[in-house]
Amino acid sequence: MKRFKRFLVVCLAGVASLAFADEGSLSFQIKGEAVPVEREADQRLCRQVEQIVASSSVDSRRYPRIFRRHPLPTADQLAEESFLKVTYAEPAALKNHCGEHQVKEVWILLRDKENYPGPVYLVDPEGKVVQVSKYNGIALLELSLDEAVLPHLPEKMRAVQERARKTLGQKKEATQ
């Protein structure tokens with residue numbers, strides 16, 4: 001009986017550590033300043049970011065020739081940009097069509113001159129950067145239209161997203 005209890009304690013501890021490894025924390029950095037995220041939005045947005053990564057079908061580790069025109073930034077170079085970032089206390093295993101990635105952070109850049117968020121980068125526990133691509137654009141659009149994200153987008157990007165939100169609202173009303 002003691003063996004079984006010890007076994008059960010070890011198993012439960014393992015399950016608990018797996019559950020905590022999956023929890024990410026979302027943050028924004030806009031022009032060098034950290035922007036807080038409401039607690040209610042944090043986990044919802046983390047799940048949306050994970051869905052975007054899961055939908056990607058190409059990454060720079062497995063398909064380097066596709067990404068050779070644009071050298072990958074380092075984690076330090078990424079930190080100089082405006083971005084939305086999910087950080088994991090322990091490395092998380094995120095799967096996409098290319099396989100599984102051990103990820104410490106997921107970065108989605110929010111560049112001033114772009115219409116949509118992106119590109120999307122994964123940072124592994126050693127600090128190596130992997131770019132993912134060919135992800136679900138609708139999921140990325142939904143993320144950028146979220147009320148917790150929209151106010152933090154650069155001006156041009158926010159204007160595009162607000163037009164999209166208005167258009168989607170008009171189409172929704174027309175179908176009702």
Do Gln51 and Asn136 touch side chain to side chain, with heavy atoms closer than 4.5 Å? no

Does any non-hydrogen side-chain atom of Gln161 lie less than 4.5 Å from one of Leu141? yes

Is it true that a side-chain atom of Glu162 and a backbone atom of Ala159 form a donor plus acceptor pair closer than 3.5 Å? no

Positive for ring pair (Phe, Tyr, Trp, His ring centres under 6.0 Å) with Trp107, one of Tyr121, Phe83, Phe28: Phe83

Rounded to the nearest 0.5 Å, what separates atom CG in Leu153 from atom CG in Leu145? 8.5 Å

Residue pair Pro119 / Arg111: nearest heavy atoms and the distance that separates them: CD-NH1, 3.7 Å

Tell me if the CD atom of Glu147 is crowded by more than 12 foreign heavy atoms within 6.0 Å. no

In the single-linkage hydrophobic clustering (I, L, V, M, F, W, Y; side-chain heavy atoms under 4.5 Å), do Val53 and Ile66 co-cluster? no

Asp146 vs Arg44, side-chain contact (heavy atoms from CB on, under 4.5 Å): CA-CA, chis, key distance, verdict: CA-CA 10 Å; Asp146 191 287; Arg44 181 184 74 245; 2.9 Å; yes

Tell me if a side-chain donor or acceptor on Lys104 pairs with a main-chain N or O of Tyr88 at a distance below 3.5 Å. yes

When every non-hydrogen atom of Ala75 is compared with those of Val129, the smallest separation belongs to N-CG2, 3.7 Å

Any side-chain heavy-atom pair from Val160 and Arg163 closer than 4.5 angstrom? yes

If every non-hydrogen atom of Pro91 is compared with every non-hydrogen atom of Gln102, which pair is closest and at what distance? CB-OE1, 3.9 Å

Between Tyr135 and Asn96, is any pair of side-chain heavy atoms under 4.5 Å apart? no

Taking the side chain as C-beta and beyond, is there a heavy-atom pair between Arg158 and Leu150 under 4.5 Å? yes

Which of Val49, Leu45, Leu122 passes side-chain contact (heavy atoms from CB on, under 4.5 Å) with Val86? It is Val49

Does the side chain of Tyr63 come within less than 4.5 Å of Ser133's, by heavy atoms? no

Path from Leu72 to Val103 over hydrophobic side-chain contacts below 4.5 Å: no

Applying a strict under-4.5 Å side-chain criterion to I, L, V, M, F, W and Y, I'd like to know whether Val123 and Val132 cluster together. no

Nearest heavy-atom contact between Asp124 and Arg61 is OD2-NH2, 3.9 Å

Minimum heavy-atom separation for Leu109 and Glu81, please, with both atom names. CD2-CB, 3.9 Å

Indicate, with yes or no, if Met157 and Val37 share a hydrophobic cluster defined by side-chain heavy-atom contacts under 4.5 Å among Ile, Leu, Val, Met, Phe, Trp and Tyr. yes

Is Arg47 salt-bridged to Glu50, going by a charged N under 4.0 Å from an acidic O? yes

Sub-4.5 Å side-chain heavy-atom contact between Ile108 and Leu140: yes

Of His101, Gln131, Lys134, the one forming a side-chain hydrogen bond (donor to acceptor under 3.5 Å, both in side chains) with Asp59 is His101

Tell me whether the count of non-hydrogen atoms from other residues, nucleotides or ligands lying under 6.0 Å of CD in Glu100 goes above 12. yes

Any non-hydrogen side-chain atom of Glu142 less than 4.5 Å from a side-chain atom of Gln48? yes

Restricting to non-hydrogen atoms, name the atom on Val149 and the atom on Leu84 that form the minimum distance, rounded to 0.1 Å. CG2-CD1, 4.2 Å

To the nearest 0.5 Å, tell me how far Ser27 OG sits from His152 NE2. 11.0 Å

In sequence, state the C-alpha distance, the side-chain angles, and the governing distance for Asn115 and Lys156, and then conclude on side-chain contact (heavy atoms from CB on, under 4.5 Å). CA-CA 6 Å; Asn115 290 333; Lys156 180 181 178 188; 3.0 Å; yes

